[in-house]
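The structure appears right after this line, and notes come after that.
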Number of protein chains: 2
Amino acid sequence: MEETKEFYSVEEKKLARYAKALSHPVRVYICDILSKQACCYSGDLAEEVPIARSTLSQHLKELKNSGLVQGEINPPKIKYCLNKENWAEAQQLFKEFFK
Amino acid sequence: MEETKEFYSVEEKKLARYAKALSHPVRVYICDILSKQACCYSGDLAEEVPIARSTLSQHLKELKNSGLVQGEINPPKIKYCLNKENWAEAQQLFKEFFK
DNA sequence: CCTTTGTTTCGTAATTTTACGAAATACGAA
DNA sequence: TTCGTATTTCGTAAAATTACGAAACAAAGG
């Protein structure tokens, strides 16, 4: 079946993408931390969160792919922060969506 | 590994659940319609949306399970509406989350 | 009762997600 | 260069998601 070219709006697709990034409690938890206390390291999270480091790394990768989070290399650590611009975009999209 | 009993907060889990419900464009689309123009029937959606009726039915089921949407049987049709109470809860959760 | 209408459930397949431990990578320090 | 630390990627497995068409269901109308 030929994809009905761009049936969904850009906003709908963006919102779905951000929602997907937030569809797992650990990713919500990570964002909660990042939004409340600036940046943090993968290792700091690994000590708190009840999952394997490799799994945590996967979740961080997904958050990065969604655009909500960015990682700054600061060897040998990697500092994760919110991506302010995309965070604001997501905020706006959800705000519009719910009203 | 024993699940660290209730590691995530109730809010984090609820938000993840709502986010999951909104993690597919068609479900965002359906909610968009329901939030803008009251209720509608599965068949009305099926005519617009480029997916099989059975697949649409699955998505509606997920929206119902998440609590965002409710269905009223009105034979032989089923009328879908937003669940206002849960909608408001989700709105509030996302609002708090992003600020 | 049989048919039509609107919708969901079933069976199935392909893809994606989630998870883990082991191995790889990258860098600074000894 | 070798070691130690911090983190990611790889390989893999189990479970969930997404999708479809066929079959089932439920109620109204003939």
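First the proteins, then the strands, lettered A, B, ... as listed; each starts at 1.
Rounded to an integer number of Å, the gap from NZ of A:Lys64 to C1' of D:dT7 is 10 Å. Rounding to whole angstrom units, CG of residue A:Asp44 and C1' of D:dA6 are separated by 11 Å. The nearest whole Å value for the distance from the OH atom in B:Tyr8 to the P atom in C:dT18 is 11 Å. The separation between B:Glu62 atom CD and C:dT17 atom P is 13 Å, rounded to whole Å. Rounded to whole angstrom, the span from the CG atom of B:Leu63 across to the P atom of D:dT18 amounts to 11 Å. Atom-to-atom, CD1 of B:Ile78 to P of D:dC25 comes out at 15 Å; the value is rounded to the nearest Å. One interatomic measurement links the two molecules: CD1 of A:Ile51 to C1' of C:dC20, which rounds to 11 Å at whole-angstrom precision. Between B:Lys61 atom NZ and D:dA16 atom P the separation is 14 Å, expressed in whole Å.
A sub-4.0 Å separation between OP1 or OP2 of D:dC20 and a side-chain N or O of B:Thr55 is present. A close approach under 4.0 Å does occur between a side-chain nitrogen or oxygen of A:His59 and OP1 or OP2 of C:dA19. Using a 4.0 Å cut-off, no side-chain N or O of A:Ser54 falls inside it from OP1 or OP2 of D:dT7. OP1 or OP2 of D:dT18 has at least one side-chain nitrogen or oxygen of B:Arg27 nearer than 4.0 Å.
Residue A:Leu60 has its side chain nearest to D:dT8 when only C:dT18, D:dT8, D:dT18 are considered. Among the nucleotides C:dT17, C:dC20, D:dT18, the one closest to any side-chain atom of A:Lys20 is C:dT17. In this structure, the nucleotide among C:dA19, D:dG21, C:dA22 sitting nearest to the side chain of B:Ala52 is D:dG21. The nucleotide whose nearest atom lies closest to any side-chain atom of B:Ser57 is, among C:dT8, D:dT7, C:dT18, C:dT8.
Within the 3.5 Å criterion, the main-chain N or O of B:Ala21 finds a donor-acceptor partner in the side chain of B:Arg27. In this structure a side-chain-to-backbone donor-acceptor pair under 3.5 Å is present from B:Asn86 to B:Gly67.
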Hey, mind stepping through A:Tyr18 and A:Phe94 against side-chain contact (heavy atoms from CB on, under 4.5 Å) and telling me if it holds?
CA-CA 9 Å; A:Tyr18 286 129; A:Phe94 279 98; 4.0 Å; yes
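We find the OG-NZ distance between A:Ser9 and A:Lys14 to be 10.0 Å, quoted to the nearest 0.5 Å. The CD1 atom of A:Ile51 sits 9.0 Å away from the CD atom of A:Gln58 when rounded to the nearest 0.5 Å.
Of the two residues near DNA chain C, B:Gln58 and B:Arg53, the one whose nearest nucleotide lies more 5' is B:Arg53.
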